[in-house]
Amino acid sequence: IKYNIEGDPAQPPIPVPPDNENNPDFFTHSHISTKAQFILTFSNVYLGKRIIAAMRWVNLTDPANNSGWSDLFSTMIA
């Protein structure tokens, strides 16, 4: 998963990309999980902030089988 947090105090403001753009270079944070289900944990500084993200499946044994990036999605950090 690659993501940005709106209003992230640790970085300068980053514009939200257009809905039709899911360029992974736009995102400044990333998380790798070896399981399909995982939980991202944030400090209380981020409560109420919006996370904008895109995900993809990565095949560690054969990168030719990596998926493309998902559509963008967003949710509030609670």
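For reference, positions follow the sequence shown, starting with 1. Note that this is a predicted model, so its numbers are computed, not measured.
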K.L.:
Between the side chain of Ser67 and the main-chain N/O of Trp57, is any donor-acceptor distance below 3.5 Å?
P.N.:
yes
K.L.:
Phe42, Ile1: one ILVMFWY side-chain cluster at the under-4.5 Å cut-off?
P.N.:
yes
K.L.:
About how many Å separate CZ of Phe38 and NE2 of His31, when rounded to the nearest 0.5 Å?
P.N.:
5.0 Å
K.L.:
Under a 4.5 Å cut-off applied to non-hydrogen side-chain atoms, are Phe27 and Ser30 in contact?
P.N.:
no
K.L.:
One pair to check against salt bridge (charged side-chain N to carboxylate O under 4.0 Å, His left out): Arg50 and Glu6. What are the steps and the verdict?
P.N.:
CA-CA 5 Å; Arg50 185 167 71 130; Glu6 284 187 336; 2.7 Å; yes
K.L.:
Taking the side chain as C-beta and beyond, is there a heavy-atom pair between Ile51 and Phe73 under 4.5 Å?
P.N.:
no
K.L.:
Looking only at heavy atoms, which two atoms of Ala78 and Leu47 are closest? And how far apart?
P.N.:
C-CD2, 3.6 Å
K.L.:
Less than 4.5 Å apart, side chain to side chain, heavy atoms only: is that true for Ile52 and Thr75?
P.N.:
no
K.L.:
Heavy atoms, side chains only, cut-off 4.5 Å: are Tyr3 and Leu72 in contact?
P.N.:
no
K.L.:
Which of these, Ile32, Thr34, Asn66, sits in a side-chain contact (heavy atoms from CB on, under 4.5 Å) with Val58?
P.N.:
Asn66
K.L.:
Would you name the heavy atoms of Asp62 and Asn59 that are closest together and state the gap between them?
P.N.:
N-OD1, 2.8 Å
K.L.:
Can you name the closest pair of heavy atoms from Ser70 and Ala54 and give their distance?
P.N.:
OG-CA, 3.5 Å
K.L.:
Checking the side chain of Asn4 only, and the main-chain atoms of Thr28 only, is there a donor and an acceptor separated by less than 3.5 Å?
P.N.:
yes
